[in-house]
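Structure first, commentary second.
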Amino acid sequence: SQQYGNCTCLCEGTPVGNLNVTDDYGGMGIPASMCAGQGPEQCQQQQIGTCGVNYTTNWSYVPTYTGANFNDESSSSQNGVASQQYGNCTCLCEGTPVGNLNVTDDYGGMGIPASMCAGQGPEQCQQQQIGTCGVNYTTNWSYVPTYTGANFNDESSSSQNGV
């Protein structure tokens, strides 16, 4: 149940362009974890916009994407659980941050995968009433290198099993 989407390069929070997420065989889309983990470096390498500071990225889910295969980039993030990345999940209302979801479990584990933030985050923002949002919430995931992952049995089991 891997989700794929676009990866937008941001310079000081302002979108400056999108990374190419189409492979040589017509496959489209990258996982959120790749956008967050390798995106900023790719924005720099591909010189998307002109940014004197470090780039950040914003991933957006596209339901029709089935995934591109970039052998030189994706193999490391696709193999095994060891390369799973965890981070924070910010609730957005009409694009404006209104608060963060709780990503700490009862045992001190911290962080959720980007796919969980994108897939279940908007519903969790609504359920936890983070901020007041009359329209549908969106989310923005940010990688935190020190996070090792929280275990929310009632939420994460479905997104953790299988690919």
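- Under the 4.5 Å side-chain criterion, counting only non-hydrogen atoms from C-beta, Thr57 is not in contact with Thr8.
- Considering CG of Asn88 and CE of Met110, their distance stands at 7.0 Å, rounded to 0.5 Å.
- The number of heavy-atom neighbours closer than 6.0 Å to CD of Gln45, taken from other residues, nucleotides and ligands shown, is above 12.
- Ala114 and Ser33 make their closest contact through CB-N, 3.7 Å (heavy atoms, listed as atom of the first residue, atom of the second, distance).
- Here the two cysteines Cys51 and Cys11 have their SG atoms closer than 2.5 angstrom.
- Side-chain N or O atoms of Tyr55 include one that pairs as donor or acceptor with a backbone N or O of Ile48 at under 3.5 Å.
- In this structure Asp105 satisfies the side chain to side chain donor-acceptor pair (under 3.5 Å) test with no other residue, sequence neighbours excluded.
- Under the 4.5 angstrom side-chain criterion for Ile, Leu, Val, Met, Phe, Trp and Tyr, Leu92 has no cluster partners at all.
- The shortest heavy-atom contact between Cys89 and Gly121 is SG-CA, 4.4 Å.
- Scanning all heavy atoms of the two residues, the minimum distance from Gly109 to Ala150 falls at O-CB, 3.4 Å.
- Under a 3.5 Å cut-off, the side chain of Tyr4 and the backbone N or O of Pro63 do not form any donor-acceptor pair.
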Determine, stepwise, if the pair Trp59 / Gln3 fulfils side chain to side chain contact (heavy atoms under 4.5 Å, CB included). CA-CA 11 Å; Trp59 182 81; Gln3 294 181 324; 4.0 Å; yes
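- For the atom pair Asn140 CG and Ser60 OG, the distance stands at 10.0 Å (nearest 0.5 Å).
- Side-chain atoms of Gln124 and Gln128 form a donor-acceptor pair, as typed in the model, at a separation below 3.5 Å.
- Closest heavy-atom contact between Ala118 and Pro122: O-CD, 3.6 Å.
- Applying the side chain to side chain donor-acceptor pair (under 3.5 Å) criterion to Thr56, with sequence neighbours excluded, gives no partner residue.
- Hydrophobic clustering (side-chain heavy atoms under 4.5 Å, transitive across Ile, Leu, Val, Met, Phe, Trp, Tyr) groups Val16 together with Leu19.
- Cluster annotation: Tyr65 and Met34 are assigned to the same hydrophobic cluster (Ile/Leu/Val/Met/Phe/Trp/Tyr, side-chain heavy-atom contacts under 4.5 Å, transitive).
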